[in-house]
There are 2 protein chains.
Amino acid sequence: MKPDAPSPDSLPEWRVAMIELFVGGAQLIGLPKSLGQIYGYLYSAVEPATMDQVIVDLGISKGSASQGLKFLRQLGAVKTQLIIGDRRDHFVAEVRSKKLMGGFIREKLTPALEDGAERVGFIRELLAQEGLMGDSVQKDQVVKLETWNKKLKMALPLIQKVLGE
Amino acid sequence: MKPDAPSPDSLPEWRVAMIELFVGGAQLIGLPKSLGQIYGYLYSAVEPATMDQVIVDLGISKGSASQGLKFLRQLGAVKTQLIIGDRRDHFVAEVRSKKLMGGFIREKLTPALEDGAERVGFIRELLAQEGLMGDSVQKDQVVKLETWNKKLKMALPLIQKVLGE
DNA sequence: CATTAAGTTCAAACACAAATGAACTATTTG
DNA sequence: CAAATAGTTCATTTGTGTTTGAACTTAATG
């Protein structure tokens, strides 16, 4: 048996449970476990936390904490809050679903869709070169891809609206 | 320089490009690369393919092909088609977006949401035990989780409708 | 009913994304 | 301006999800 796990033991059970919930959520949308951990930690925190608290309470490395917080900030899922008379950054979870969805759509979904559109365009060219763009099965398949891409792009704002606050 | 990569070279460039597109798509929704490969291979195929063709053309192992096809079938993204006088299974990609979305929602999203709801219930209990469920920050946080879960559950059919054929 | 082929399973190997931590830069403060 | 503290970076290590392949089950065929 392990003598003692790093230290998350010092967190109350309900916080650990919340963190686990967010770890699952992160993995569902393809984000690393540690991001879920950090976000969950901040979500379950009653007041803003420093990077050092994150490191100690979650038992993760300085590097992970720094990178994780950086990414979450750029995603808009975490904000810093100025505490006067303390030069350390203090981190808070963004909980407004509109903001969260917005960040995810902007940082992950939109780029993926754009990449997809580009790739489909490339495929269309390749088929044209092969003389396969006059009504062939292949042409239909490409058109279908284009339709999917457009439909998804159009659906994003709607989804954001439905799930927004 | 490599003498020759396994064999995907025998596939026309446009098929390789399509397969790459689906690999990206698979990873976006958290599915393994090989599933994207297999689906892309079948999507870009003009006629039903046997498992053996998948193995040879994609250069993957029997095990991967078998497991991958099995999973895709249970997800509803791949169907088998009977070819009379041939005892091998012949696989075809399901392309109707309604079916695809339906399978994904049923196999991945719904279970995740249910697991989430259960976990939130558990957190609620833990907080109650600690006497923290009378208007505390914690209570608000749990309620917010419950709201998110409900909203997502309700949004699924709508999303399916918007993206369906 | 023995032989061949199709497809499945799962322990072990592998590859790669994620985490680490030491070295770094930037900022504060006495 | 030296020393201490906060935060970043990135080459290396680690962990784990994916892939493999050999052994297996199931089903067809002569």
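Order of the sequence lines fixes the chain letters, A, B, ..., with proteins taken first and strands second; residue numbering starts at 1 for each chain.
Contacts between residues 84-92 of chain B and DNA chain D, defined by a heavy-atom separation under 4.0 Å, are made by B/Arg87.
Between the side chain of B/Glu146 and the main chain of B/Val120, no donor-acceptor pair closer than 3.5 Å is present. Proximity of a side-chain donor or acceptor of B/Gln160 to a complementary backbone N or O of B/Met101 within less than 3.5 Å is not detected. Although no hydrogens or angles enter the test, the distance criterion places a donor-acceptor pair under 3.5 Å between the side chain of B/Arg15 and the main chain of B/Tyr41.
Aromatic ring orientation, B/Tyr39 versus B/Phe22: perpendicular (interplanar angle above 60°, classes split at 30° and 60°).
The distance between atom CD of A/Gln53 and atom P of D/dG7, rounded to the nearest whole Å, is 11 Å. We find that CG of A/Leu58 is positioned 13 Å from C1' of C/dA19, with the value rounded to whole Å. In this structure, A/Met51 atom CE and C/dG21 atom C1' are separated by 12 Å, rounded to whole Å. Between the CG atom of A/Leu69 and the P atom of D/dT9 there is a distance of 13 Å, given to the nearest Å. Whole-Å rounding puts the B/Lys70 NZ to C/dC10 C1' distance at 11 Å. Straight-line distance from the CD1 atom of B/Ile55 to the C1' atom of D/dA22: 14 Å, rounded to whole Å. The distance between atom CD1 of A/Ile38 and atom C1' of C/dA18, rounded to the nearest whole Å, is 12 Å.
Residues A/Leu31 and A/Phe71 form a side-chain contact, since some pair of their non-hydrogen atoms from C-beta on lies under 4.5 Å apart.
OP1 or OP2 of D/dT8 has at least one side-chain nitrogen or oxygen of A/Arg73 nearer than 4.0 Å.
For residues 72-81 of chain B, the salt bridge (charged side-chain N to carboxylate O under 4.0 Å, His left out) pairs, not counting sequence neighbours, are B/Lys79-B/Glu94.
Ion pairing of B/Lys144 with B/Asp140 is absent here, as no side-chain N (NZ or NE/NH1/NH2) approaches a carboxylate O to less than 4.0 Å.
Residues A/Val54 and A/Ile60 share a closest heavy-atom pair of CG1-CD1, 4.2 Å. For the pair B/Ser97 and B/Gly164, the tightest heavy-atom approach, listed with the atom from each and the gap, is OG-C, 3.9 Å.
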So which protein nitrogen or oxygen atoms get under 3.5 Å of nucleotides 14-21 of chain D's nitrogens or oxygens?
from	atom 1	to	atom 2	distance (Å)
D/dT19	OP1	B/Ser34	N	3.4
D/dT19	OP2	B/Ser34	OG	2.7
D/dT20	OP2	B/Ser61	N	2.9
D/dT20	OP2	B/Ser61	OG	3.0
D/dT20	OP2	B/Ser64	OG	3.1

